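Notes for the one structure printed next.
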Number of protein chains: 2
Amino acid sequence: MERTGKPTINDVARIAGVSKKTVSRVINRSPLLNGDTRAKVEQVISELGYVPNVQARALALRRNFLIGLIHDNPNAQMVMNVQAGMLEAMRDTEFELIVRPIDRGSSTMLEDVRNFLERQRLYGVMFLPPVSENEMVAELCRELGIRYVRMGSATLDASEHMVASNDCDVVTEAVNHLISLGHRRIGLIAGPHGFRSARERRKGFENALEGAGIKLPRSLIADGNYTFETGLAAADRLLDLSPRPTAIFASNDEMAAATLHAARRRGMSVPEDLSIVGFDDTAIASHIWPPLTTVHWPIISMARSAALKLLADFFGDDGNAVEEPSLFPSTLIHRASVAPPREG
Amino acid sequence: MERTGKPTINDVARIAGVSKKTVSRVINRSPLLNGDTRAKVEQVISELGYVPNVQARALALRRNFLIGLIHDNPNAQMVMNVQAGMLEAMRDTEFELIVRPIDRGSSTMLEDVRNFLERQRLYGVMFLPPVSENEMVAELCRELGIRYVRMGSATLDASEHMVASNDCDVVTEAVNHLISLGHRRIGLIAGPHGFRSARERRKGFENALEGAGIKLPRSLIADGNYTFETGLAAADRLLDLSPRPTAIFASNDEMAAATLHAARRRGMSVPEDLSIVGFDDTAIASHIWPPLTTVHWPIISMARSAALKLLADFFGDDGNAVEEPSLFPSTLIHRASVAPPREG
DNA sequence: CACAGGGGTGGTAGCGCGATCAATGGAGTG
DNA sequence: CACTCCATTGATCGCGCTACCACCCCTGTG
């Protein structure tokens, strides 16, 4: 009897004249099943418009089909790219994505993550930087016995739990490019303290200057928070310097865009008066004028790969257990925001 | 006995020496419960670290705590803003957000949505434009008996299912502003056919010109797809015209940013050689230089309100059954991309 | 012809929780 | 002091599905 709503497996079994276990076998594509029986059950299923109840299934299987994304990243484009990459990997599977932003800096952050993970009993979770760099969350996942993958700018965990890029080296390459053009006074807009990516990018910057024998005054390093607003303040501080830097490396595109904004607001030309290099290669880098020379961070591929790692032991049986890569090289993209300094 | 993992309600009941129904009462804050019993059970719960199983709960309640977001919007910033607004409304509730992008234009789009809704049995779904403008999806939700709210640029449904803005009028206001500054050759970069928002914005544009007695040559209308790339192509087409338009209204900020990009690429100054007006007031509008005069579309408020509508009959008991507004006025934001035309 | 073997199927017991309804015990009343 | 009443509590069933194990029947073999 159809009580309130959807037909259940019992309805299908009764109408098809088989046991519900047989229906279950049809749903789960059990190999040992008579073809006729299968056809008959499938017939009834489609007539009734029967759809299995995912909650009941999850309860019985003691496992659900939800992948979580935990992030506290201020960059919208970045988060969307990650979602896009993950969803690409999850396409045509029965997995769904559940998104959970958390409040960085909140004292209850770790508690919040714990509550979320304990309540939802997800199949797996993925962590975006910067929260992914927090060793506590990895610890938490291990304690709770939940699959996880972290994204980051340096390897922090075993390869099956980590998808990383090599920010340090590629920043060195970018800054070397500036140096080779003749720049000597190069400013840095650093990312927030405590972010691994910020430290890596800063280290890459310092390595380049050191390699060229350039002594870096502290004043040429300004702190930002990976947001446009903090980037603007940092850029203004650097551009107030006298003499001014002839080039600025911003630790992400948001802050690079802010640097461009600050420069143009005070009537400077880019790249004639100031060369700018960003990091991430998000949409804004190519949308603004002049388009930014920046480091392409393969975030979508990384996210796709991370999601596939999460799903690996689910689809492992199918034989497509290809080892997903863990290290994704970033590459320098030359666009129009860099030129030799005016007085070289 | 703790078999594989988490303690269950039975463990709590056994250890606390009460029935599991009593534990259930504690969890669900039933009022008729002896204080001592409650304290004892809560004690055991915290000692065991017991967390109720959401799947089992969902099965027994025949209802879960998941809100879906279905979208096919190409603008990342927009989608993130919507997620932010929804999550704000869902903060400190037990509801979680599950995100489902769909492939616009795919022939199986409606089937995909149906499968998703039937399988997940969500508490409610929210639709973003443009898919929200598709009457079929609303029909589908009604057929499946699932709560839904649509976001859009014009009222298309009963107010409890709709959160809308008034794009038409505010665009008229924006274009009137251009006209009052002396602009006569004003170009339009329209949104894609079939998008309600695109039609509304275009109508607002045409109303303003008509009101001023300006005859609009077809050539001054270029088609875009709400993406940067199509905006760039459209802007190039308009700027190739002779005589050129002195101002361009782009139907969203992405395309407005592309217009600025196109203008600057050919050495034009903005706003001296070309005034630009956008729509949405997403981050890029204030990040580029010059910052865009644009229409602020209160997307975050709309999304928050939409989510609250979805949750209304869940929290309705608490007395805070405030009627959520359905219409959100957009407002014109004056920034630096608009000036009088050169030869006035 | 009796029996072993195996593909195909059903019965039934959970998974963890909520809900109905009856039962219990103590306080209040005549 | 017996009885009623109300505040608490528990036994049991059901939510929809999967899993373990037993069972059936048909074929093949000694």
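Per chain, numbering begins at 1; letters A, B, ... match sequence-line order. Since the structure is predicted, the reported quantities are computational estimates derived from the model, not experimental observations.
Look at B:Thr22 and you won't find any side-chain N or O under 4.0 angstrom from OP1 or OP2 of D:dT8.
Using modelled atom types, one finds no donor on one side chain facing an acceptor on the other under 3.5 Å when comparing B:Ser159 with B:Lys309. For the 3.5 Å distance criterion, the side chains of A:Asn28 and A:Arg57 qualify, holding a donor opposite an acceptor.
In this structure, B:Asn53 atom CG and C:dG14 atom P are separated by 18 Å, rounded to whole Å. Counting to the nearest Å, the C1' atom of D:dG16 and the NZ atom of A:Lys6 are 13 Å from each other. Rounded to an integer number of Å, the gap from A:Arg63 CZ to C:dG14 C1' is 17 Å. Note: CD (A:Glu94) to P (D:dC17) measures 14 Å, nearest angstrom. Counting to the nearest Å, the P atom of D:dC17 and the CD atom of A:Gln55 are 11 Å from each other. One can place CZ of B:Arg38 at 15 Å from P of D:dA7, the figure rounded to the nearest angstrom. Remark: P of D:dC15 and CG of A:Leu59 are 14 Å apart, rounded to the nearest angstrom.
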Is there a side-chain contact (heavy atoms from CB on, under 4.5 Å) between A:His161 and A:Leu156 once you walk through the steps?
-> CA-CA 9 Å; A:His161 297 306; A:Leu156 296 169; over 6 Å; no
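Residues meeting the side chain to side chain donor-acceptor pair (under 3.5 Å) test with B:Thr108, sequence neighbours left out: B:Ser106, B:Asp112. In this view, B:Ser19 and B:Thr22 satisfy the side chain to side chain donor-acceptor pair (under 3.5 Å) rule, not counting sequence neighbours.
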Which atoms of nucleotides 18-21 of chain C (N or O only) lie under 3.5 Å from a protein N or O atom, and what are those distances?
{"residue": "C:dG18", "atom": "OP1", "partner": "B:Asn28", "partner atom": "ND2", "Å": "3.1"}
{"residue": "C:dG18", "atom": "OP1", "partner": "B:Arg57", "partner atom": "NH1", "Å": "2.8"}
{"residue": "C:dG18", "atom": "OP2", "partner": "B:Ser24", "partner atom": "OG", "Å": "2.8"}
{"residue": "C:dA19", "atom": "N7", "partner": "B:Lys21", "partner atom": "NZ", "Å": "3.1"}

Can you name the atoms? Protein N/O to nucleotides 23-27 of chain D N/O, anything below 3.5 Å, with the distance.
none

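Under the 4.5 Å side-chain criterion, counting only non-hydrogen atoms from C-beta, B:Arg100 is not in contact with B:Leu69.
A perpendicular orientation is assigned to the rings of B:Phe314 and B:Phe95, their planes being inclined by more than 60° (bins at 30° and 60°).
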How does DNA chain C look in dot-bracket form if you count Watson-Crick and G-U pairs under 3.5 Å, write [ ] for pairs that cross, and put | where a base pairs with another strand?
-> ||||||||||||||||||||||||||||||
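To the nearest 0.5 Å, atoms CG (A:Leu140) and CE (A:Met136) are separated by 8.5 Å.
The salt bridge (charged side-chain N to carboxylate O under 4.0 Å, His left out) analysis of residues 154-165 of chain A, with sequence neighbours excluded, yields the pairs A:Arg142-A:Asp157, A:Arg150-A:Asp157.
Across D:dA11, C:dG10, C:dG16, the shortest atom-to-atom separation from the side chain of B:Ser19 is found for D:dA11.
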